[in-house]
Amino acid sequence: MPTPSSPETPRLTTHVLDTAHGRPAAGVAVQLWRLTDGAREEVARTLTNADGRCDAPLLAGEALRPGIYELVFAVGAYFAGSGDDGAGDFLDEVPVRFVVRPGLTHYHVPLLIAPYAYSTYRGS
């Protein structure tokens, strides 16, 4: 039987990299929302670890259903606590909305951040 971290188990993972300082972004608050018929339901909440990753998949197994999801990253608080004066003055929360399609098993949604810009992509 597959476990939540085995390759054949459907799962959603993320990580955050601080490209301005060249390091993983530890301690970033992450919320995951499921959007259905205009309503938002929070389905997970966590903090990134020292490697900028979550300690466990945000969703795994049958909990990862096809639909529209939104990850919200609290990067303003992260940069405000970075010791870099003014770094938290522009970005507050970064939302990333994406679609989970039937039959696809692994969704990895990384976020690359700097004080005044961000980028994301579908990772592997």
Side-chain angles (χ1 to χ4, degrees):
M1 178 116 206
T3 64
S5 60
S6 68
E8 58 273 2
T9 300
R11 67 197 183 285
L12 170 63
T13 58
T14 189
H15 76 272
V16 184
L17 298 174
D18 178 344
T19 59
H21 298 100
R23 62 183 181 220
V28 175
V30 179
Q31 293 176 292
L32 176 65
W33 299 84
R34 182 180 291 120
L35 288 76
T36 308
D37 298 326
R40 290 175 84 206
E41 172 193 5
E42 185 179 40
V43 293
R45 180 184 291 236
T46 191
L47 292 173
T48 57
N49 61 23
D51 194 33
R53 299 178 181 275
C54 302
D55 289 330
L58 295 165
L59 290 176
E62 293 181 9
L64 183 58
R65 302 189 310 256
I68 300 172
Y69 292 85
E70 184 174 74
L71 282 165
V72 179
F73 300 89
V75 301
Y78 166 79
F79 281 120
S82 72
D84 189 351
D85 285 343
D89 292 347
F90 180 63
L91 294 174
D92 181 30
E93 293 183 336
V94 171
V96 178
R97 190 171 288 184
F98 58 97
V99 178
V100 170
R101 302 279 182 211
L104 299 176
T105 60
H106 183 207
Y107 282 79
H108 183 65
V109 184
L111 183 69
L112 310 176
I113 58 172
Y116 304 101
Y118 64 90
S119 179
T120 190
Y121 58 95
R122 177 152 185 225
S124 57

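For the single chain, residues carry numbers from 1 onward in sequence order.
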The remaining residues in the hydrophobic cluster of Val72, counting side-chain heavy-atom contacts under 4.5 Å among Ile, Leu, Val, Met, Phe, Trp and Tyr, are Trp33, Leu35, Ile68, Val99

How long is the span from the [atom1] atom in [X] to the [atom2] atom in [Y], to the nearest 0.5 Å?
X: Arg34; Y: Arg65; atom1: CZ; atom2: CZ; result: 3.5 Å
X: Tyr118; Y: Leu111; atom1: OH; atom2: CG; result: 8.0 Å
X: Leu58; Y: Leu12; atom1: CG; atom2: CG; result: 5.0 Å
X: Arg53; Y: Thr14; atom1: CZ; atom2: OG1; result: 9.0 Å
X: His15; Y: Leu112; atom1: NE2; atom2: CG; result: 6.5 Å
X: Tyr116; Y: Leu91; atom1: OH; atom2: CG; result: 9.0 Å

Per side chain to side chain contact (heavy atoms under 4.5 Å, CB included), Pro10 is matched among Val100, Leu64, Leu59 by Leu64

Checklist entry - Just by distance, do the side chain of Thr120 and the backbone of Pro110 share a donor-acceptor pair under 3.5 Å? => result yes

Kindly work out whether a path of hydrophobic side-chain contacts (I/L/V/M/F/W/Y, heavy atoms less than 4.5 Å apart) joins [X] to [Y].
X: Leu71; Y: Leu47; answer: no
X: Val28; Y: Leu17; answer: no
X: Val96; Y: Tyr121; answer: no

Hits for side chain to side chain donor-acceptor pair (under 3.5 Å) against Arg97, two or more places apart or cross-chain, chain-then-number order -> Glu70

Around atom CD of Glu62, are there more than 12 heavy atoms from other residues, nucleotides or ligands closer than 6.0 Å? no

Looking at every non-hydrogen atom in both residues, tell me the closest pair between [X] and [Y] and how far apart they are.
X: Pro24; Y: Ala50; value: CB-O, 3.6 Å
X: Arg23; Y: Ser82; value: NH2-CB, 4.1 Å
X: Arg101; Y: Tyr107; value: N-OH, 2.7 Å

Query raised in the report: Using the ring of each side chain (for Trp, its six-membered ring), is Tyr69 parallel, tilted or perpendicular to Phe98, with breaks at 30° and 60°?
Result: parallel

Side chain proximity check, Phe79 to Ile113, heavy atoms < 4.5 angstrom: yes

